[in-house]
Amino acid sequence: MTVIAADPYPFELHPERCALLVIDMQRDFLESGGFGEALGNDVSQLRRTIEPNRALLAAWRARGFHIIHTREGHRPDLSDLPEAKRVRGRSATRIGDPGPMGRILVRGEPGHDIIPELYPLPGEPVIDKPGKGAFFATDLHALLQGRGVTQLIVTGVTTEVCVNTTVREANDRGYDCLVPEDCVGSYFPEFQTMGLRMIAAQGGIFGWVSHSNRIHAALAEAR
Ligand code: TIU
């Protein structure tokens, strides 16, 4: 066990039962021409998260700890896309429509895949999820239980949507969650701030907030 400085109080890391869960670092959210831009967002806001995620993945890989990636997206026939999600935003370009990186948020299309900088290694599970939360309609919980995981370090995009939803789902299922602020990103600076404050407020109502520097420091001390 090693301790990571965090808000609202230190996080006791048990590395052998802590998975790094990287949420939706997909081209559709981080590159132009995808879903994020179709919703009217400036995708460059998210790109500062790439380097800290790369470094954290490298640290986790070097030590052989659990790593899991997720991708938000749908079957090519869109049979798992509820109308209530498809029509959101009243956007001219919607999920399933063609775009510069293929059909938007559709599995198997270039835009749906994880950005090359953070591409999963063979053996690292990739969870394809139809919703915002990574536990909804996926086998993530079973997979984590099978590996004896009780703690999650949750990174990725976006802070107030898929990261926040996943942290809430995870805490309800019994996982302790730590969110490193530099490894999560929002298209909206104010939602980045508030999305993190919502997690750590009220004594850490859903989890802990920290910084990847503090995680690297704790790992270095543990050696
Ligand atoms: N739009 C937005 O902020 N996010 C999403 O639609 N999905 C994720 O957060 N991955």
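Start at 1 and go down the list; that is how both ligands and their atoms are numbered.
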Identity and distance of the protein heavy atom lying nearest atom 7 (N) of ligand 1: Glu72 OE1, 2.9 Å
For the residue pair His69 / Glu124, report whether a side-chain donor-acceptor contact shorter than 3.5 Å exists. yes
All N/O donor-acceptor pairs, side-chain side in residues 1-13, below 3.5 Å, sequence neighbours left out:
{"residue": "Thr2", "atom": "OG1", "partner": "Ala218", "partner atom": "O", "Å": "3.2"}

Under a 4.0 angstrom heavy-atom cut-off, which atoms of ligand 1 come close to Phe29? 5 (C), 6 (O), 7 (N), 8 (C), 10 (N)
Nearest protein heavy atom with distance in Å, relative to atom 4 (N) of ligand 1: Thr158 OG1, 3.4 Å
Subset of ligand 1 atoms that lie under 4.0 Å from at least one heavy atom of Phe35: 6 (O)
The criterion is side-chain contact (heavy atoms from CB on, under 4.5 Å); which residues satisfy it with Arg168, sequence neighbours excluded? Asn164, Met198, Phe206
Ring centroid separation for His112 and Phe35, is it under 6.0 angstrom? no
Output the list of atoms in ligand 1 that are nearer than 4.0 Å to some heavy atom of Lys132, sorted by atom number. 5 (C), 6 (O), 7 (N)
Identify the heavy atoms of Ile95 and Leu78 that sit nearest to each other, and give their distance. O-CD1, 4.2 Å
List ligand 1 atoms under 4.0 Å from Asp24, heavy atoms only on the residue side. 8 (C), 10 (N)
Contact atoms of ligand 1, heavy-atom distance to Leu39 under 4.0 Å: 1 (N)
Are there over 12 heavy-atom neighbours, none belonging to Arg61, within less than 6.0 Å of that residue's CZ? yes
Can you give me the closest heavy-atom contact between Glu109 and Arg103, atom names plus distance? OE1-N, 3.3 Å
Among protein heavy atoms, which sits nearest to atom 8 (C) of ligand 1, and what does the distance come to when rounded to 0.1 Å? Cys162 SG, 2.6 Å
Quick note on ligand 1: atoms under 4.0 Å from a heavy atom of Val157 include exactly 8 (C), 9 (O), 10 (N)
